Protein chains: 2
Amino acid sequence: MKPKLSDIARNLSVSSATVSLALSGKGRVSRDMVERVEAEARRIGYAPNQMGKALRTGRSTIIGLVLPDVGNPLFPRMARSIVQAAEDQGYGVLIADSHSGAQTQDRAVQRLVDFGSDGILVIPRKGTRIGSSDIPTAVIDAPTSPLNIVSADHHQGGALAVRHLREQGHQKILCLGGSSASLVQRTRVEGMQSAADGAEVTVHWMNESTPDIPALVRQGVTAIATTSDLMAVQVLTELGAAGLRVPQDVSLVGFDDLDVGQMIRPKLSTVGTSETEIGRRAIAGLIAMINGGERPKDDVVPMHLVQRETAIEIKPGGDEQ
Amino acid sequence: MKPKLSDIARNLSVSSATVSLALSGKGRVSRDMVERVEAEARRIGYAPNQMGKALRTGRSTIIGLVLPDVGNPLFPRMARSIVQAAEDQGYGVLIADSHSGAQTQDRAVQRLVDFGSDGILVIPRKGTRIGSSDIPTAVIDAPTSPLNIVSADHHQGGALAVRHLREQGHQKILCLGGSSASLVQRTRVEGMQSAADGAEVTVHWMNESTPDIPALVRQGVTAIATTSDLMAVQVLTELGAAGLRVPQDVSLVGFDDLDVGQMIRPKLSTVGTSETEIGRRAIAGLIAMINGGERPKDDVVPMHLVQRETAIEIKPGGDEQ
DNA sequence: GCGGCTTGCTTAATCGTTTAACCTTAGGCG
DNA sequence: CGCCTAAGGTTAAACGATTAAGCAAGCCGC
């Protein structure tokens with residue numbers, strides 16, 4: 001079947017210990033021997049059996065990833081960067097879905113532990129906290145969240161969105177949050193408010209009440225900032241159906257830089273995160289913990305503004321109807 | 001540390017062979033013994049060490065999943081159903097990303113194999129084919145694709161979309177495909193054409209040329225069918241910017257039933273797949289192969305129409321400008 | 001010339017589980 | 001009563017890798 005360590009040993013008439021030592025570069029092995037072992041390993045296409053290795057070392061080089069429910073549309077990019085980062089460090093990523101319910105989330109963690117994961121990375125569902133387990137666990141959420149290891153700077157991102165609108169002269173800004181139960185979204189909204197700089201910024205939570213957006217625009221709102229691109233698309237189409245134009249009648253900025261933002265006309269201005277960076281740092285931190293390091297300090301990665309077509313300078317004197 | 005099999009054995013003063021046999025229900029063990037073992041296992045919270053088990057049995061109970069690039073927006077649901085189905089059968093899911101390039105795809109497969117996966121499930125990038133490896137491999141693509149095991153009935157789905165429009169009286173239908181390089185999308189378009197039933201169905205591939213959609217509508221097109229919700233959203237917003245109304249001026253139906261379809265106003269009529277069903281069957285088939293079964297025959301799961309607000313009866317006599 | 005150090009390799013134990021083969025006891029039966 | 005069988009265990013050998021400990025040979029210095 002698949003070539004094993006002892007095949008190399010037999011072919012070279014040495015002990016398997018020597019081969020192992022040679023390949024790992026750990027023990028005292030002659031330079032010559034190392035080369036011969038490596039050559040033979042390549043020749044027969046040797047790849048170490050992870051199970052044997054894991055059993056002996058107690059390390060599976062597998063990281064468990066617990067995903068929030070599918071609803072989160074920026075999960076794919078997140079997952080991708082995490083897998084990529086893990087791969088670069090030689091780790092595999094085992095995934096579990098925590099569908100709905102916080103209790104299932106803990107079960108998912110448990111399953112991953114049972115499979116021998118060396119560490120667990122959790123992107124929690126909004127409003128849940130994860131019970132700490134006995135193996136290294138890291139969370140990607142927000143700085144105030146327990147076990148958090150890295151997060152996007154949602155506060156700064158929110159500020160970025162509103163500051164952009166302020167710079168364009170907007171004085172009456174509507175700020176639309178999806179769910180006030182989400183820590184991330186609350187933080188984004190707080191960031192938005194923090195950049196008000198004298199402008200009138202009113203907040204609406206979609207899970208609490210559904211504002212009549214076209215009406216608000218007719219009452220003088222000149223710009224809308226949402227906490228998600230999906231909501232921005234909803235707003236855009238709703239305004240379109242009501243005969244209002246973006247960005248001529250009202251400016252709009254989204255959040256998350258989803259693909260859909262580039263598809264719609266006009267293209268959506270939005271605030272983006274570097275998922276790659278977050279994934280990389282989360283994995284780096286987690287692996288550090290696995291290797292006996294201390295839990296790294298919270299790491300916050302900044303967001304950036306993506307200027308496209310939905311937010312423009314307010315037309316002079318057009319702010320009062 | 002973690003309780004192991006031998007802990008149970010010691011506590012009960014029996015051999016670990018007995019414990020193993022009792023837990024698996026395989027050998028000749030007295031009813032009484034089985035119960036005592038199970039009780040003790042629960043008491044100390046025993047969970048078998050997957051590495052030890054895998055090493056001995058040659059089965060890791062891990063399935064490798066190779067994902068296409070992130071672009072595919074229905075991937076999250078797919079991944080979820082696959083993970084769920086695997087979990088139900090006691091399997092873990094190890095993921096690898098095949099970013100871009102077919103070569104990377106094979107490397108991803110190799111990585112998963114090296115990690116000890118018992119089988120590999122691939123959702124290929126459009127236009128790539130995967131090299132068969134030495135372990136059971138299944139593909140979710142289209143019936144004509146090699147190694148394919150299960151797929152959505154894209155042809156029937158396409159037919160469903162156009163038939164729906166035909167039933168509403170539409171005679172001039174524009175059919176919008178994303179990329180003619182994608183087997184899936186070609187199949188959808190073929191399905192659409194097959195349901196023309198005498199109507200005029202013209203096809204445009206977005207990767208080849210960008211049609212002036214508002215112009216086409218003014219020339220008499222009364223309905224548009226796209227091969228993806230994302231494109232439908234693009235069309236919808238483009239029409240909106242041009243002052244045309246959906247569905248009053250033109251009907252629209254998308255594909256994939258993405259979340260964004262429910263966010264936009266009006267809500268998007270579309271054709272949906274049962275990702276759950278596909279995931280379930282793919283995993284079931286793959287596990288059957290792992291257990292020595294033959295490669296199951298291609299399995300095709302039907303799509304369904306999701307009627308929402310963007311496709312309505314054509315207004316009588318409004319079909320000619 | 002001999003104890004001690006270094007070098008380079010080998011021996012063998014070990015990780016936790018499974019499972020073929022064996023052993024012991026007891027019951028059935030002619 | 002003794003033989004055969006079955007039931008219910010146990011022993012021990014794997015699976016494939018790592019690694020502490022050991023050992024032989026060579027070299028050094030005094």
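Just so it is clear, the structure is predicted and the values come from calculations on it, not from any experiment. Labels below follow one simple rule: chain letters A, B, ... track the order of the sequence lines, proteins then strands, and each chain is numbered from 1.
The side chain of B/Arg56 sits closest to C/dT18 out of C/dT18, C/dG16, D/dA17.
Atom pair A/Gln50:CD and D/dC15:P shows a separation of 19 Å (rounding to whole Å applied). Atom CG of B/Leu55 is separated from atom P of D/dA13 by 17 Å (rounded to the nearest Å). The separation between A/Arg10 atom CZ and D/dG16 atom C1' is 14 Å, rounded to whole Å. In this structure, the CZ atom of A/Arg59 is 14 Å from the C1' atom of C/dC15, given to the nearest Å. Rounded to an integer number of Å, the gap from A/Arg36 CZ to C/dG8 C1' is 12 Å. One atom, CG of A/Leu5, and another, P of D/dT19, lie 12 Å apart when rounded to the nearest Å.
Between B/Asp7 and B/Lys4, none of the side-chain N atoms (NZ, or NE/NH1/NH2) sits under 4.0 Å from a carboxylate O, so this pair counts as no salt bridge. Ion pairing between B/Glu277 and B/Arg281 holds under the 4.0 Å rule for side-chain N and carboxylate O.
B/Ile63 CD1 to B/Ile95 CD1: the interatomic distance, rounded to the nearest 0.5 Å, is 14.0 Å.
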As a quick check of understanding, evaluate side chain to side chain donor-acceptor pair (under 3.5 Å) for A/Asp141 and A/Ser151, giving each step before the final call. CA-CA 6 Å; A/Asp141 191 16; A/Ser151 54; over 6 Å; no

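OP1 and OP2 of D/dG16 both lie 4.0 Å or more from every side-chain N or O belonging to A/Tyr46. For the OP1/OP2 pair of D/dG16 and a distance below 4.0 Å, the side-chain nitrogens and oxygens of A/Lys53 include no atom meeting the criterion.
Smallest separation of non-hydrogen atoms from B/Arg295 and B/Asn148: NH1-O, 4.4 Å. Taking both residues in full, the closest heavy atoms of A/Arg280 and A/Ala85 are given as CA-CB, 3.8 Å, listed atom of the first, atom of the second, then distance.
Interface residues of residues 12-30 of chain A facing DNA chain D, ordered by number: A/Ala17, A/Ser20, A/Leu21, A/Lys26, A/Arg28; criterion, heavy-atom separation under 4.0 Å.
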